[in-house]
Amino acid sequence: MENLKKIPKKEMKLLEPSYYQNEDVVYLAKDLLGKVIITNIDNMVTSAEIVETEAYNGINDKACHAYNNRRTKRTSAMYKRGGVAYVYICYGMHHLFNVVTGRENEPQAVLIRAVKPLDGINAMLARRKKNTLQRSLTAGPGALCQALGITKEINETPLTSELIGIYGVFNNYREDDIQISKRVGVAYAEDDALLPYRFRVKGSKWTSLAK
DNA sequence: CAAACGATTTTCT
DNA sequence: GAAAATCGTTTGG
């Protein structure tokens with residue numbers, strides 16, 4: 001799976017909205033590993049394989065922005081029917097990209113935490129102001145958004161649009177291929193901070209480092 | 001209206 | 001390993 005350009009077009013399968021409407025956000029967080037994000041933003045096409053995700057499981061998950069059914073301008077995207085983007089700004093400077101899942105008014109989402117660069121690497125390097133292709137280009141939720149050109153401009157955009165789509169191309173990883181751990185940076189979530197909702201492709205050099 | 005803080009990244013020591 | 005950078009969103013008065 002070295003270069004997306006080598007994949008025959010007929011094997012590129014855009015994930016349909018129904019895919020995202022599965023109510024099991026933990027299942028989707030695992031199933032999204034190996035899927036390919038393709039963006040066409042600012043006249044630059046970039047693509048990358050998802051290698052690390054986290055599940056945010058709705059109103060009963062203390063780590064979720066929509067915990068306790070909190071509805072604000074920021075969280076409204078998560079209440080949409082699955083299949084749109086939820087992009088918000090963290091620490092005043094980083095955009096974080098989530099895939100909204102589940103039914104309307106059930107605010108679940110999958111945070112994309114790391115990707116493996118495929119096409120458009122020069123564009124990614126330029127956006128990140130880097131010269132070499134290495135993990136730091138796209139490891140970390142803020143970093144990959146910068147590389148792929150994802151900003152809050154595309155908040156609530158369908159993942160079947162001209163700007164961004166997710167494709168099933170290569171493989172589905174098996175349980176054995178997935179490393180499961182606690183989520184990152186959610187210590188405030190008390191007992192829910194311990195939930196095993198973080199998923200990484202085992203052995204991938206493109207995920208964040210083990211903790 | 002003021003204040004606190006964050007699903008992070010980078011740089012410095 | 002520690003700390004700064006930096007501001008939109010949320011909450012409280």
If only side-chain N and O atoms count, and only distance matters, is there a donor-acceptor pair under 3.5 Å linking A/Glu54 with A/Tyr56? yes

Which of the following nucleotides, B/dT10, C/dG8, C/dT10, is nearest to the side chain of A/Thr75? C/dT10

Are A/Arg74 and A/Tyr88 in a cation-pi setup, meaning NZ or CZ lies under 6.0 angstrom from the ring centre and within 45 degrees of the ring axis? yes

Under 4.5 Å between any side-chain heavy atoms of A/Phe199 and A/Leu32, yes or no? no

Against A/Leu163, only a single residue in A/Ile154, A/Asp42, A/Ile38 fulfils side chain to side chain contact (heavy atoms under 4.5 Å, CB included); can you say which? A/Ile154

Closest-nucleotide mapping onto DNA chain B: is A/Gly140 or A/Ile89 further toward the 5' terminus? I mean the 5' end. A/Ile89

Close approaches to DNA chain B from residues 58-70 of chain A, in residue order (heavy atom, under 4.0 Å): A/Ala63, A/His65

Taking atom CG of A/Asn68 as the centre, report whether more than 12 heavy atoms of other residues, nucleotides or ligands fall under 6.0 Å from it. yes

Here the distance between atom C1' of B/dT10 and atom CG of A/Leu137, to the nearest Å, is 15 Å

A/Tyr88 atom OH is separated from C/dC7 atom P, nearest whole Å, by 18 Å

Rounded distance (Å) that lies between atom P of B/dT8 and atom CD of A/Glu54: 7 Å

Can you tell me the distance, in whole Å, between the CE atom of A/Met93 and the P atom of C/dA4? 13 Å

Considering only B/dT9, C/dT9, C/dT10, which nucleotide approaches the side chain of A/Lys152 most closely? C/dT9

Starting from C1' on C/dC7, measure out to NE2 on A/His95 and report it in whole angstrom. 11 Å

Would A/Tyr91 count as stacking on C/dA5 if stacking means ring centres less than 5.5 angstrom apart and planes tilted under 30 degrees? no

As a test of reading the structure: which of C/dT6, C/dT10, B/dA7 is closest to the side chain of A/Leu96, going by heavy atoms? B/dA7

For A/Lys80, the salt bridge (charged side-chain N to carboxylate O under 4.0 Å, His left out) test, sequence neighbours excluded, returns A/Glu156

When you check the phosphate oxygens OP1 and OP2 of B/dA7, does a side-chain N or O of A/Tyr86 lie under 4.0 Å from one of them? no

Assess A/Arg103 against A/Tyr79: is NZ or CZ under 6.0 Å from the centre of the six-membered ring, and within 45 degrees of the ring's axis? no

If you define the side chain from C-beta out and look only at heavy atoms, does anything of A/Asp119 sit under 4.5 Å from A/Val45? no

Under 4.0 Å, counting only non-hydrogen atoms across every strand here, what does A/Arg128 touch: a base, just sugar-phosphate, or nothing? sugar-phosphate

A/Lys62 and A/Tyr188: which non-hydrogen atoms are nearest, and at how many Å? O-CE1, 3.8 Å

Verify the distance criterion only: is there a donor paired with an acceptor across the side chains of A/Asn105 and A/Arg71 at less than 3.5 Å? yes

Nucleotide-level pairing of DNA chain C, given in dot-bracket where Watson-Crick and G-U pairs need both distances under 3.5 Å and | marks other strands: |||||.||||||.

Rounded to the Å, how far apart are A/Asn155 CG and C/dT9 C1'? 13 Å

Check every strand shown and say whether A/Leu111 touches a base, only sugar-phosphate, or nothing at a heavy-atom separation below 4.0 Å. base

Within this structure, what is the CZ-to-C1' distance between A/Arg74 and C/dT11, rounded to whole angstrom? 12 Å

To the nearest angstrom, the CG-P distance between A/Leu209 and B/dT8 comes to 15 Å

Which nucleotide, B/dA7, B/dT9, C/dA5, lies nearest any side-chain atom of A/Ala143? B/dT9

Taking the side chain of A/Thr72 as its heavy atoms from C-beta onward, which of C/dT6, C/dT10, B/dT8 lies nearest to it? C/dT10

